[in-house]
Structures are given as structure tokens and as C-alpha cells.
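First up is the structure itself, then whatever we jot down about it.
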Amino acid sequence: QVQLAESGGGLVQAGGSLRLSCAATGRSFRTYSMGWLRQAPGKEREFLAAIGWDGGVTNYADSVKGRFTISRDNAKNMVYLQMNSLKPEDTAIYYCAADRVVGLTAIPSQYEYWGQGTQVTVSS
């Protein structure tokens, strides 16, 4: 089992950058594929990016490809999401999630564990 806690959200102007962090507890962290997803008010949860257990493989949604970068540090039990060129439509609650079954999945329901989320607000 793994527990997740996101941080790094906040208010940023359009065109700016933020780096989200996700701290994981649990000795089996490095066996999980990790993902970042978000949910805007009135919308369904949306996949953004995923990274394999060793960080060697990644998967991105088309909406963030080239702007967001996912990375992980297994020695620190951390996952990161670097977000550049932010747009007002990126405003949402951002979640990190863990999956040990499917791997690099873009389907939110296939993630087993979730953090509480961190709010990102992008002003125009």
C-alpha cells in the first residue's frame, strides 16, 4: 500500500510555471507506475501524464504534451510534475495517483491510490 500527498499548487498568471510534488510513503513505491491527473469544476477527472516504475517510460495526454513533464525520484519516494506555459484552462485540482496493475494507464479508474489533491489556479 502507498499513501500520497501533493504539494506545490497555487495561483499563477497565464504563461507562468509551477512544479507540483507528490510525496509517497510505503516501501513498495518503486513498484508502482505513477500518474498525474486533474479535475476542474463540473468536469470529469482527466489524465495528464504517467511514468513507469523506473522513470524510463512516460505517457502524456495530448493536451499537455510539450508543456508538462513528469519525473520521479525513487530514492526520495517523490514524483513531480513540471508545468510550463500554463493557461487559464489548466485551472483544476491536481492529483497524483499510483497503479501497480496496468502501468502508464490513462484511465483514471485504473489507479489504485490517490492523494488529496492540490489546487492550481491560472489567471488570465
Side-chain angles (χ1 to χ4, degrees):
Q1 187 173 359
V2 61
Q3 294 180 324
L4 306 171
E6 303 91 340
S7 62
L11 175 64
V12 63
Q13 288 189 331
S17 298
L18 277 177
R19 187 195 195 204
L20 304 183
S21 299
C22 175
T25 58
R27 292 188 298 175
S28 59
F29 168 74
R30 64 186 62 210
T31 67
Y32 286 85
S33 172
M34 298 297 296
W36 283 97
L37 303 93
R38 69 186 177 190
Q39 189 164 20
K43 295 187 177 181
E44 294 186 352
R45 201 159 287 190
E46 176 190 11
F47 167 79
L48 301 174
I51 189 167
W53 67 273
D54 66 350
V57 182
T58 56
N59 181 26
Y60 291 93
D62 288 342
S63 60
V64 303
K65 199 173 294 183
R67 297 192 300 128
F68 292 8
T69 302
I70 189 171
S71 61
R72 69 189 295 166
D73 184 340
N74 285 344
K76 297 181 179 179
N77 278 19
M78 296 292 294
V79 182
Y80 306 99
L81 186 69
Q82 177 66 43
M83 306 188 294
N84 300 327
S85 302
L86 283 162
K87 306 173 183 179
E89 51 264 44
D90 292 318
T91 295
I93 298 175
Y94 284 68
Y95 299 90
C96 70
D99 154 49
R100 197 165 53 177
V101 177
V102 179
L104 298 168
T105 182
I107 301 174
S109 62
Q110 292 182 334
Y111 284 90
E112 301 170 70
Y113 301 104
W114 294 78
Q116 292 299 307
T118 185
Q119 176 71 47
V120 171
T121 302
V122 184
S123 63
S124 56

> Can you find a heavy atom in the side chain of M34 that is under 4.5 Å from one in the side chain of W53?
Replying inline: no

> When rounded to the nearest 0.5 angstrom, what distance separates CZ in F47 from CG in N59?
Replying inline: 4.0 Å

> Do the side chain of T91 and the main chain of P88 share a donor and acceptor less than 3.5 angstrom apart?
Replying inline: yes

> Do T118 and Y95 have side-chain heavy atoms sitting under 4.5 Å apart?
Replying inline: no

>> Going by disulfide bond (SG atoms under 2.5 Å apart), name the pairs with one or both residues in residues 47-87, residues two or more places apart or in two chains.
In response: none

> Is it the case that one hydrophobic cluster holds both L20 and L48, taking links as side-chain heavy atoms less than 4.5 Å apart, direct or via other members?
Replying inline: yes

>> Tell me whether I51 shares a hydrophobic cluster with M83, the cluster being built from Ile, Leu, Val, Met, Phe, Trp, Tyr side chains joined at under 4.5 Å.
In response: yes

>> Holding to side-chain contact (heavy atoms from CB on, under 4.5 Å), I want the full list of residues that pass it with Q82, two or more places apart in sequence or in another chain.
In response: S17, R19, T69, N84

> Is Y113 reachable from I70 through a run of I, L, V, M, F, W or Y residues, each pair having side-chain heavy atoms under 4.5 Å apart?
Replying inline: yes

>> Is the shortest side-chain heavy-atom distance between S28 and R100 below 4.5 Å?
In response: yes

> Which residue pairs pass the disulfide bond (SG atoms under 2.5 Å apart) test with at least one member in residues 46-93, sequence neighbours excluded?
Replying inline: none

> Of all heavy-atom pairs between P108 and A106, which one has the smallest distance, and what is that distance?
Replying inline: CD-O, 3.4 Å

>> For residues Y80 and Y111: do they belong to one hydrophobic cluster (side chain heavy atoms under 4.5 Å, members Ile, Leu, Val, Met, Phe, Trp, Tyr)?
In response: no

>> Quick check: do W36 and V64 have side-chain heavy atoms less than 4.5 Å from each other?
In response: no

> How far apart are the closest heavy atoms of L4 and A24, and which atoms are they?
Replying inline: CD2-CB, 3.6 Å

>> Can you confirm whether L86 sits close enough to L18 that some side-chain heavy atom of one is under 4.5 Å from a side-chain heavy atom of the other?
In response: yes

> With R67, which residues qualify under salt bridge (charged side-chain N to carboxylate O under 4.0 Å, His left out), at least two apart?
Replying inline: D90

> Mind checking what makes side-chain contact (heavy atoms from CB on, under 4.5 Å) contact with S7, not counting sequence neighbours?
Replying inline: S21

>> Looking at every heavy atom in both G9 and V120, which two are closest together, and how far apart are they?
In response: CA-CG2, 4.1 Å

> Please, which pairs that meet disulfide bond (SG atoms under 2.5 Å apart) have at least one residue in residues 58-94, sequence neighbours excluded?
Replying inline: none

> Can you check side chain to side chain contact (heavy atoms under 4.5 Å, CB included) on F29 and K76, steps first, answer last?
Replying inline: CA-CA 10 Å; F29 168 74; K76 297 181 179 179; over 6 Å; no

> Which heavy atom in T105 sits nearest to a heavy atom in V102, and how many Å separate them?
Replying inline: CB-CG1, 3.7 Å

>> Under the disulfide bond (SG atoms under 2.5 Å apart) definition, can you give me all pairs with a residue in residues 5-107, not counting sequence neighbours?
In response: C22-C96

> Which residues satisfy the salt bridge (charged side-chain N to carboxylate O under 4.0 Å, His left out) test with E46, sequence neighbours excluded?
Replying inline: R38

> Just wondering, do Y32 and D99 contact through their side chains at under 4.5 Å, heavy atoms?
Replying inline: no

> Among all residues two or more places apart in sequence or in another chain, which pass the salt bridge (charged side-chain N to carboxylate O under 4.0 Å, His left out) test with D62?
Replying inline: K65

> Under 30°, 30 to 60°, or over 60°: which ring-plane class applies to F68 and Y94, parallel, tilted or perpendicular?
Replying inline: tilted

> Sequence neighbours excluded, which residues qualify as side-chain contact (heavy atoms from CB on, under 4.5 Å) partners of V57?
Replying inline: L104

> Sequence neighbours excluded, which residues qualify as side-chain contact (heavy atoms from CB on, under 4.5 Å) partners of T25?
Replying inline: Q3

>> Tell me every residue that passes side chain to side chain donor-acceptor pair (under 3.5 Å) with D73, counting only those two or more places apart in sequence or in another chain.
In response: none

